[in-house]
There are 2 protein chains.
Amino acid sequence: MKLSTKGRYAVMAMADLALASQDGPVTLSDIASRQSISLSYLEQLFAKLRRADIVSSIRGPGGGYRLSRKPTEIRISDIIVAVDEPLRATRCSSAKGCLADGRRCITHDLWDELGRHIYLFLSSITLEDVLERRLLGAASGALGRMERPKPVAEPATV
Amino acid sequence: MKLSTKGRYAVMAMADLALASQDGPVTLSDIASRQSISLSYLEQLFAKLRRADIVSSIRGPGGGYRLSRKPTEIRISDIIVAVDEPLRATRCSSAKGCLADGRRCITHDLWDELGRHIYLFLSSITLEDVLERRLLGAASGALGRMERPKPVAEPATV
DNA sequence: CATATTCCTGACTGTTCTACTCGGTTATTG
DNA sequence: CAATAACCGAGTAGAACAGTCAGGAATATG
């Protein structure tokens with residue numbers, strides 16, 4: 001989990017796509033102009049999103065992109081994992097290489113726990129939550145004991 | 001809150017310092033060789049830590065660094081804030097510049113909430129906690145009012 | 001069929017950050 | 001004085017970020 005601005009751009013674009021895909025596919029040009037992101041950069045991001053099967057594409061006139069799943073079934077963590085490089089092994093946080101005294105380095109557990117924490121937070125929030133600005137609930141639930149059921153039933157507010 | 005590897009190095013060094021400062025100041029050379037971090041890099045980090053009044057220095061032979069406060073009073077967030085640059089304004093997450101439709105962009109609250117979340121987590125953990133490997137408790141405390149629920153799912157390598 | 005549209009791909013560029021090196025200065029101890 | 005160790009500033013290779021550019025491949029429409 002890398003948390004760069006790249007992931008933010010991707011989530012912004014995905015939110016825009018979700019909002020705009022009311023009727024038919026959305027072109028990257030539209031997203032680019034609305035979100036002020038360069039078209040080519042978006043193309044790179046969406047290539048990864050497509051490979052991760054989060055969006056699907058239709059070529060030709062009238063084509064564009066569309067969500068592969070409903071916004072309730074796309075977690076923010078899915079998006080970020082799809083576009084971000086796996087964070088490079090910086091001595092620690094990569095299983096090996098952080099054995100100063102024979103076992104894992106002192107701070108290993110800390111980064112481990114932090115990473116898990118962030119992941120839980122972002123995987124407890126769906127695209128739908130972002131669209132509905134339904135965030136505080138998800139935040140408190142991130143650590144567990146949250147009842148808030150993900151409604152999978154409701155179709156196509158998309 | 002920036003969460004780069006720079007902050008990790010700083011926390012590793014601080015943990016090392018805390019462990020080694022049983023008797024007298026600790027030299028950066030010692031920390032450098034134990035933690036495999038370059039001496040000059042450490043010097044840069046500790047210059048910032050000193051400016052933030054987290055450590056204090058003694059020059060000359062027998063000198064070195066020492067914690068300014070007790071490990072129970074040094075929060076991990078203090079360390080990271082001290083060494084990391086304030087994250088640059090990347091369109092969103094900087095109050096202005098993210099007004100696509102007149103007000104704040106759709107994902108603004110998300111990043112806001114995430115940032116607050118990470119900060120709460122890291123400020124709920126002290127250096128002492130890291131030394132004692134007392135992490136899960138602190139982690140659960142990050143959000144306040146929860147007793148100790150284990151994280152729900154085991155996320156893939158975050 | 002031709003053409004416009006749109007996705008798709010690869011290579012290349014300027015800027016920033018990381019992690020580090022080098023050369024030197026200042027303060028303190030023996 | 002000489003050794004130690006903190007300080008300070010400049011400079012560097014490499015990587016990632018954000019973007020540009022040039023072209024190609026699929027598809028709908030006239």
Side-chain angles (χ1 to χ4, degrees), chain A residues 2-13 17 20-21 24-33 35-52 54-66 68 80 83-93 97, chain B residues 2-13 17 20-21 24-33 35-52 54-66 68 80 83-93 97:
Chain A
K2 181 90 169 321
L3 280 194
S4 68
T5 54
K6 197 173 197 169
R8 300 196 178 190
Y9 279 113
V11 174
M12 285 173 66
L17 170 59
S21 64
V26 183
T27 68
L28 288 191
S29 318
D30 287 355
I31 299 179
S33 62
Q35 300 295 322
S36 310
I37 309 176
S38 94
L39 177 59
S40 296
Y41 196 41
L42 272 184
E43 282 176 342
Q44 290 171 34
L45 294 180
F46 273 77
K48 295 187 175 189
L49 292 172
R50 194 173 59 84
R51 259 174 255 136
I54 296 176
V55 299
S56 57
S57 60
I58 300 103
R59 288 163 96 138
Y65 282 93
R66 139 191 330 159
S68 294
I80 293 183
V83 300
D84 269 324
E85 318 298 326
L87 83 164
R88 65 173 168 226
T90 331
R91 193 147 292 135
C92 186
S93 84
Chain B
K2 182 93 168 320
L3 279 194
S4 69
T5 54
K6 197 174 196 168
R8 300 196 180 192
Y9 278 112
V11 174
M12 284 173 67
L17 170 58
S21 63
V26 183
T27 68
L28 290 190
S29 318
D30 286 355
I31 300 179
S33 64
Q35 300 296 321
S36 310
I37 309 176
S38 93
L39 177 59
S40 297
Y41 195 43
L42 272 184
E43 284 177 343
Q44 290 171 33
L45 295 180
F46 273 76
K48 295 185 175 191
L49 293 172
R50 195 173 58 84
R51 260 173 255 136
I54 296 176
V55 299
S56 57
S57 61
I58 298 103
R59 289 165 94 140
Y65 282 92
R66 140 193 326 160
S68 293
I80 293 183
V83 300
D84 269 324
E85 317 298 326
L87 82 163
R88 65 168 171 230
T90 331
R91 190 149 291 135
C92 186
S93 85

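Below, chain A is the first sequence line, B the second, and so on; all start at residue 1.
- Within the model, atoms NZ of A:K6 and CD1 of A:I80 stand 12.5 Å from one another, a figure rounded to the nearest 0.5 Å.
- As rounded to whole Å, 14 Å separates atom C1' of D:dA18 from atom CE of A:M12.
- Between A:S29 and C:dT6 there is no side-chain N or O to OP1 or OP2 distance below 4.0 Å.
- Remark: A:I31 CD1 to A:S21 OG distance equals 9.0 Å, nearest 0.5 Å.
- Listed pair A:Y65 / C:dC8 meets the phosphate criterion, a side-chain N or O lying under 4.0 Å from OP1 or OP2.
- OP1 or OP2 of C:dT21 sits under 4.0 Å from a side-chain N or O of B:S38.
- For C:dC20, the OP1/OP2 oxygens have no side-chain nitrogen or oxygen of B:Y41 closer than 4.0 Å.
- Counting to the nearest Å, the P atom of D:dA16 and the NZ atom of A:K6 are 9 Å from each other.
- Distances shorter than 4.0 Å separate some side-chain N or O of B:R50 from OP1 or OP2 on D:dC7.
- Atom CE in B:M12 sits 11.0 Å away from atom OG1 in B:T5 (nearest 0.5 Å).
- Distance, B:Q44 CD to D:dC8 C1': 10 Å, rounded to whole Å.
- Residue A:K48 contributes atom NZ, which lies 13 Å from atom P of C:dT9 at whole-angstrom precision.
- Summarising the geometry, atom CD1 belonging to B:I54 is positioned 8.0 Å from atom OG belonging to B:S68; distances are rounded to the nearest 0.5 Å.
- Here C:dC17 presents its C1' atom at 14 Å from CG of B:L45, a figure rounded to the nearest Å.
- Look at CG on A:L42: it is 13 Å from P on C:dC8, rounded to the nearest Å.
- Across the protein-nucleic acid pair, B:Q35 atom CD and C:dC20 atom P stand 12 Å apart, rounded to whole Å.
- The side chain to side chain contact (heavy atoms under 4.5 Å, CB included) check on B:S29 picks up B:T27, B:L39, with sequence neighbours excluded.
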Anything under 3.5 Å between a donor and an acceptor, one on a side chain of residues 41-50 of chain A, the other on a protein residue two or more places apart or in another chain? List them.
{"unit_1": "A:K48", "atom_1": "NZ", "unit_2": "A:V83", "atom_2": "O", "d": "3.2"}
{"unit_1": "A:K48", "atom_1": "NZ", "unit_2": "A:E85", "atom_2": "OE2", "d": "2.8"}

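- If you take CD1 of B:I37 and P of C:dT18, they are 14 Å apart, rounded to a whole angstrom.
- Listed by chain and number, the residues in a side chain to side chain contact (heavy atoms under 4.5 Å, CB included) with B:R66 are B:P25, B:S56, B:I58 (sequence neighbours excluded).
- Within 4.0 Å of B:V55, counting heavy atoms only, lies no atom of the nucleic acid at all.
- Heavy-atom nearest nucleotides on DNA chain C were determined for B:G7 and for A:F46, and the one closer to the 5' end corresponds to A:F46.
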Can you give one letter per nucleotide of nucleotides 22-30 of chain D, 5' to 3': B if a protein heavy atom sits under 4.0 Å from the base, S if only from the sugar-phosphate, - if neither? --BBSBB--
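- The minimum heavy-atom distance between B:L17 and B:Y65, with the atom names listed, is CD1-O, 3.5 Å.
- For the residue pair A:A32 and A:S38, the shortest heavy atom distance occurs at CB-C, 4.5 Å.
- Here A:L39 lies out of heavy-atom contact (under 4.0 Å) with every strand.
- Not one side-chain nitrogen or oxygen of A:R66 sits closer than 4.0 Å to the OP1 or OP2 atom of C:dT6.
- From one end of the helix from C:dC1-D:dG30 to C:dG30-D:dC1 to the other, with five pairs defining each end axis, the axis direction shifts by 0° (rounded to 10°).
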